[in-house]
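So the structure is just underneath, and the comments pick up after that.
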Number of protein chains: 2
Amino acid sequence: MAVTLKEVADRAGVNPSTVSRVINEDPNLSIREETRNRILRAIEELDYRPNAVARSLRLKTTGTAGMIIPDITNPFFPEVFKGAESAASERGFSLILCNTNEDPEKEKAYIKLLAEKQVDGILLASTYIQDETIDMAAKRNIPYVLVNRASRNEGSASVVVDDVYGAELAVQHLVDLGHRRIAHISGLLYTETGLERLEGYRRTLNRNQIPFLSEYMVEAKYSEREGYLAMEKLLAIPQPPTGVFAANDLIALGAASAIVDHGLNVPEDISVVGFNDIWLAGKVHPPLTTVKVPLYDMGYLAFESLAKKILGEPMEQDKIVLRPELVVRASTRAVSARG
Amino acid sequence: MAVTLKEVADRAGVNPSTVSRVINEDPNLSIREETRNRILRAIEELDYRPNAVARSLRLKTTGTAGMIIPDITNPFFPEVFKGAESAASERGFSLILCNTNEDPEKEKAYIKLLAEKQVDGILLASTYIQDETIDMAAKRNIPYVLVNRASRNEGSASVVVDDVYGAELAVQHLVDLGHRRIAHISGLLYTETGLERLEGYRRTLNRNQIPFLSEYMVEAKYSEREGYLAMEKLLAIPQPPTGVFAANDLIALGAASAIVDHGLNVPEDISVVGFNDIWLAGKVHPPLTTVKVPLYDMGYLAFESLAKKILGEPMEQDKIVLRPELVVRASTRAVSARG
DNA sequence: TTGAAAGCGATACCAC
DNA sequence: GTGGTATCGCTTTCAA
């Protein structure tokens, strides 16, 4: 059986409340040195360890937050988690990581569970997060921050990347290399991210007087496989593109595979640009030109934002927008003569 | 303010204990249908949500476990975590994920924190985990299972892979391709894993009457950078190897980069074999021949093992040994004439 | 069939 | 300077 505060108090011959005060270093506590030492000694001798559950019940705060993500094996998330975890750890919080496999039911079940566990807050990290899930958190009055997903509701904090700008960077890069037949494999168009990257694509074409052709636009889920399938469609049209802007790196990787499988080369025949700069992006062949998103920072800032909400610290801004940057590697090059 | 059991009881005109019984579906409870319905209605109307913290305090069990890993951005761990999380979720447990960045201090601090939070058990997932850390968990009587690390202590459960066998697979593959000058970039030799893979390497050389040469043996940490550095050493010796067995995929990747940077090719000049088959292994150029370890299963079985310890279910075996298999890709080929 | 009450371990307000 | 005690929300034994 674990040692309790009361046992420590008994051994030191004082009241439990006094022990509690000593442990928590109650600022307005004046205590005789000798008493304090007796208590400290008792703690030491009994190897006393506070029970955080009892403490939480009393204090109505657990020092624990939840983080909901679709899939930790998607290389986007480990970096984000790492950032969030660092921030949490610095502030003495722990994170319960919840993997939903993109199942909305699991998402809701997790919110329910986290609420029952009385977590102090939740990080909702996914463009996929259902509105219903967000509403659940809101309804239960549990502080939350959206990561990589914009907030519809007033007052819900979020950390996102400037997707329009990032997409502009990517597409302009292709234009600068002389490409005119530029396709876009967009993300899901019911996600902010998907929509905004598409917007950046359109704007950039526009600015360069390149007409937007609907057959150069294919929607895909954010996976390698979907990227592959989408690219196959693009390859099938009479005048295939010479450059492809994919909504994320996984899609870009899939697209590159499709290109190769169809007997063409990246970047000789078709240039490919991704988005996010996951760790993998620099390691594949050819190394992927992509738009770098500060994933670690995203997680870190998201938790910081959550902590501020939890602790009632002032927040400069509800919505933090991170600025991405272009990373040029080997999957893009100037359009070839045959292009 | 959240609704409590007592409020529900008041509204239903019954005693809190009765509500509790209904909620927990107390088997030996006989209750009038009408009363039950009144209670259910009250729960519904007040949107009552149980407080797991209070419940935990009373029950002395939290339904939460901790998982300690060195670095979630190391592609080895997301898969393992995913498996563990699935098993946990199936059994109604949540997982607090703790990233230690390989810092022994952080490791110990986390054990302390988890113990205070009264987690029901801990998964220690890393070959790096310090003995001291394990002892801490043991001393506090908190059930734990080691993942990818053998246990010294009697009675501590673990899930590991058969490293000797895996290494034999890798080296024999090289031998079968005609290689005789086979080097090994070992992992850290104070880790079980490092030692056993080295053992498999030696045994296989032996079995094939190939002498073990100490200059063909370089120790490295399990990282890309260290793999690179180690390979440079191997390249510097008069008769460099034609085949390299790296203790894990990250090392193998680094080694491959070093080879290329020195103007040679993989596998034309030097064949490289890795270990683990992380997701990345099949995507790099050239795709890596490696020894596949069932990472997801490893996590899943580890949590199952932990759950059994926690719930006092019978365990067939304390130590679960998973069998790896060879995955031949393009980073190995028959030794060339010039080799 | 249901109620009363003790208690899990810690905190904090109010006394003295 | 230190002690008493109510309380956080829930479970469970014992009664009735």
Side-chain angles (χ1 to χ4, degrees), chain A residues 1-40 42-43 46-64 113 115-120 140-141, chain B residues 1-40 42-43 46-64 113 115-120 140-141:
Chain A
M1 211 42 249
V3 179
T4 69
L5 236 202
K6 185 168 180 320
E7 299 177 55
V8 173
D10 288 349
R11 174 174 257 253
V14 297
N15 189 282
S17 56
T18 308
V19 179
S20 172
R21 287 169 187 135
V22 169
I23 290 178
N24 298 305
E25 293 170 341
D26 181 344
N28 44 355
L29 156 70
S30 51
I31 192 174
R32 219 173 330 197
E33 253 329 278
E34 190 231 311
T35 320
R36 150 174 276 128
N37 287 144
R38 258 202 343 270
I39 293 175
L40 261 20
I43 289 178
L46 297 176
D47 190 26
Y48 168 72
R49 296 288 149 201
N51 180 325
V53 172
R55 189 158 198 279
S56 294
L57 178 59
R58 185 63 234 238
L59 261 29
K60 296 178 165 321
T61 162
T62 55
T64 303
L113 183 71
E116 288 186 3
K117 290 209 195 262
Q118 317 292 121
V119 295
D120 297 333
R140 283 155 204 263
N141 282 315
Chain B
M1 211 43 248
V3 179
T4 70
L5 237 202
K6 184 168 182 322
E7 298 177 57
V8 173
D10 287 348
R11 175 174 256 254
V14 298
N15 189 282
S17 56
T18 308
V19 179
S20 171
R21 288 169 186 135
V22 168
I23 290 178
N24 297 306
E25 294 170 341
D26 182 344
N28 44 356
L29 156 68
S30 49
I31 192 174
R32 220 176 325 199
E33 254 327 280
E34 191 231 309
T35 320
R36 151 174 274 126
N37 287 143
R38 261 205 335 273
I39 294 175
L40 260 22
I43 290 177
L46 296 176
D47 190 26
Y48 169 71
R49 295 288 148 202
N51 180 325
V53 172
R55 191 159 198 280
S56 294
L57 179 57
R58 186 62 232 239
L59 262 29
K60 296 176 165 319
T61 162
T62 54
T64 303
L113 183 70
E116 288 185 4
K117 290 210 195 261
Q118 316 292 120
V119 294
D120 296 333
R140 282 156 206 261
N141 281 315

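Letters A, B, ... are given to chains in the order of the sequence lines, protein chains preceding strands, and every chain is numbered from 1.
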Next on the checklist: Using a 4.0 Å cut-off to any heavy atom of chain A, which nucleotides of DNA chain C are the first and last in contact, reading 5' to 3'?
Outcome noted: C:dG9 to C:dC14
Are the side chain of [X] and the backbone N or O of [Y] linked by a donor-acceptor pair below 3.5 Å?
X     : Y      : answer
A:S56 : A:A52  : yes
A:T62 : A:Q118 : yes
A:N51 : A:V53  : yes

Checklist entry - Does A:K60 place a side-chain N or O at less than 4.0 Å from the phosphate oxygens OP1/OP2 of D:dG9? => result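 Yes.
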Checklist entry - Looking at A:S17, does any N or O in its side chain come under 4.0 Å of the phosphate oxygens OP1/OP2 on D:dG3? => result no
Item to check | side chain to side chain contact (heavy atoms under 4.5 Å, CB included) partners for A:A115, two or more places apart | outcome: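 If we apply the side chain to side chain contact (heavy atoms under 4.5 Å, CB included) test to A:A115, skipping adjacent residues, the hits are A:R140.
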Item to check | Matching residue for A:E7 among A:V3, A:D10, A:L5 - test: side chain to side chain contact (heavy atoms under 4.5 Å, CB included) | outcome: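 That would be A:V3; it is the only one of A:V3, A:D10, A:L5 passing the side chain to side chain contact (heavy atoms under 4.5 Å, CB included) with A:E7.
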Separation of [N] [atom2] from [X] [atom1] (nearest whole Å):
X     : N      : atom1 : atom2 : result
B:R49 : D:dC8  : CZ    : C1'   : 20 Å
B:N51 : D:dC10 : CG    : C1'   : 8 Å
B:L57 : D:dT12 : CG    : P     : 13 Å
B:L5  : D:dC8  : CG    : P     : 13 Å
B:N15 : D:dA16 : CG    : C1'   : 13 Å

Next on the checklist: Measuring only between side-chain heavy atoms, which start at C-beta, is A:R21 closer than 4.5 Å to A:V14?
Outcome noted: no
Next on the checklist: Using a heavy-atom cut-off of 4.0 Å across all strands, would you classify A:S56 as base, sugar-phosphate, or nothing?
Outcome noted: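 Touches nothing.
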Next on the checklist: Any base atoms under 4.0 Å from B:T4, or only sugar-phosphate, or nothing? Heavy atoms, all strands.
Outcome noted: sugar-phosphate
Item to check | Any residue of residues 19-32 of chain A with a heavy atom less than 4.0 Å from an atom of DNA chain C | outcome: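 By residue number: A:S20, A:R21, A:N24.
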Checklist entry - Of all the nucleotides listed (D:dC8, D:dT2, D:dC10), which has the minimum atom distance to the side chain of A:R58? => result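 When the side chain of A:R58 is considered, D:dC8 is the closest of D:dC8, D:dT2, D:dC10.
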Checklist entry - Checking salt bridge (Lys or Arg N to Asp or Glu O under 4.0 Å) for the pair A:R38/A:E34: CA distance, chi angles, key distance, verdict? => result CA-CA 6 Å; A:R38 258 202 343 270; A:E34 190 231 311; 2.8 Å; yes
Next on the checklist: Whether the B:T64 and B:K117 side chains hold a donor-acceptor pair (N or O, under 3.5 Å, no angle test) is what I'd like checked.
Outcome noted: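 No, because no side-chain N or O of B:T64 sits under 3.5 Å from a partner of the opposite role on B:K117.
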Checklist entry - Looking only at heavy atoms, what is the nearest atom pair of B:I39 and B:V8, with distance? => result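 Taking every non-hydrogen atom into account, O-CG1, 4.3 Å.
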Checklist entry - If you pin B:A54 and B:G13 to their nearest nucleotides in DNA chain C, which one's is more 5'? => result B:G13
